[in-house]
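Numbering of ligands and ligand atoms starts at 1, following listing order.
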Amino acid sequence: MISENPRVRFAPSPTGYLHVGGLRTALYNYLFAKKNNGAFILRIEDTDRTRLVEGAVENLITTLKWAGLDYDEGPGKDGGFGPYVQSERLDIYKKYTDELVRQKKAYYCFCTSDRLKQLRDEQQKTSVQSKYDKHCLHINETEISEKLKNNEPYVIRLNVQPDEMIRIDDIIRGEVIFNSNVVDDQILLKSDGYPTYHLANVVDDHLMKITHVIRGEEWLSSTPKHILLYKYFGWEIPKFAHLPLLLNPDKSKLSKRQGDVAVEDYRAKGYLKEALVNFVALLGWSAGDDREFYYLDELCESFSLERVNKAGAVFNIEKLQSMNFAHLQKKSDEEFLKLLKEELAVSSFNNHSLNDEKLLLIIHSMKERINFVKEIILNGSYFLTRPQSYDLEAIKKHWTHESAQLLQKFAKTIHDIENPLKEDYENVLHKVAEEAGVKNAAIIHPLRLAVSGVSGGPGLFDILFILGKEETIDRINIAKELVKV
Ligand code: GLU
């Protein structure tokens, strides 16, 4: 049973960009919240001061927003549980560690890094699991006060009790059992006064009344520590759901080396947010049928944690591409036009003079041939400017000694038609071919080359109609002079 109005959170560390795995975690949390009338919370876990990157939080928020994953509570949106940035909650963590120390469930540790290294080295030699040996647990109160007075650097460690069974009833993975003997006396408060991830995470999940912790599988090994913390604090333990790893096609862990991992990179490449969200949703989840095409609101309807797989999910870029194609084809004229205009604005054709009607004709002619909106500009640049060059291969293949003359005839005949339509270009071409006793192809190929500079693309008569009569004739005249066999 899912508690009424569950509260879930996405708790990224701001390391500079949003990883696609992070997007999936955020998405599953979001979907779970929406499906179950819950709250989706964004919490920034920035307690590792050595990894701070400027602008990372803003970037994260912008990227989540772009993807359509608006949070109900988080930075700038207080729902009564803030602040939602951990570095603004230091006094809270201090208070709770003090409480644990008082109850002897945590203790001061003054060990130097040299001692810790020596301990690790010795344990390694004897193949014992590397663990802190509770050396400082036995320092008495007076000694502690003395050391604190002398400003000796210290950390606070969790006093893990031996032989405790730690049971995780994971919604995705089922029951996972750990023995507390394998859990180290985890540092809770670091010598810089900042909490570690473990402490801050548990304290905040408790105080923010998080009911379900939905996060990547890489955090499963930290969960025993968290459960002990809940127990030692005497707090209710939330439900856990650890999401399967994301894998490269060779089944290794998804890494930068084999492709992009930042959501921003996919965005910059021109992937639609709808496609990326749809694709990421299927990395580990399916509704149990063959359906693959979803919009975000449909995902909200269909999603359930019970249908998330345990097995790692392969990140298949071809699938993402085909998803982008599928979503692109479903775009309305209005949406498509908006996207094309955005791309044009940041292209070298930003001062083009084509009106919406023309742009829509271009879109219709090219839509089914592209995976990305920007390909309209890349592959169809001839709609925006005269050919700057002519494809050599195509010249060799299609331009003959009679091409110039045939094109001249075509230009002349079309010139006499007022406002020719697509069919008029086609009829004229057939007529000129027939009169000259050549196949249509003898005109089609050179004509395409003359007006576009390349050999492929949308239907020739679409191109001619979009360019218009004057421009078509001008381009034929220019090509006649420039293209030589
Ligand atoms: N700050 C952790 C991260 O960067 C959060 C893990 C969790 O959700 O508990 O992913």
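The single protein non-hydrogen atom nearest to atom 1 (N) of ligand 1 is E45 OE1, 2.6 Å, given as residue, atom name and distance. Closest to atom 5 (C) of ligand 1 among all protein heavy atoms lies A11 O, 3.1 Å. Closest protein heavy atom to atom 3 (C) of ligand 1: W219 CZ2, 3.4 Å. Distance from atom 4 (O) of ligand 1 to its nearest protein heavy atom, with residue and atom name: S13 OG, 3.2 Å.
Summarising the local packing, CD of E298 is surrounded by more than 12 heavy atoms from other residues, nucleotides or ligands at distances under 6.0 Å.
Residue contacts with ligand 1: R9 is included, with a non-hydrogen atom under 4.0 Å away.
Within the cation-pi definition used here (under 6.0 Å to the ring centroid, within 45° of the axis), K104 does not qualify as a partner of Y232. With a 6.0 Å cutoff to the six-membered ring centre and a 45° limit on the axis angle, R157 counts as a cation-pi contact of Y132.
Of the heavy atoms in Y197, only side-chain atoms (C-beta onward) come closer than 4.0 Å to ligand 1. Of all the heavy atoms of N201, the ones lying under 4.0 Å from any atom of ligand 1 belong exclusively to the side chain.
With no hydrogens or angles considered, a side-chain donor-acceptor pair links Y107 and D185 at under 3.5 Å.
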- Item | D114 vs T112, side chain to side chain donor-acceptor pair (under 3.5 Å): CA-CA, chis, key distance, verdict | CA-CA 5 Å; D114 281 348; T112 60; 5.3 Å; no
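Among K134, K105, Q103, the single residue meeting the side-chain hydrogen bond (donor to acceptor under 3.5 Å, both in side chains) criterion with N159 is K134.
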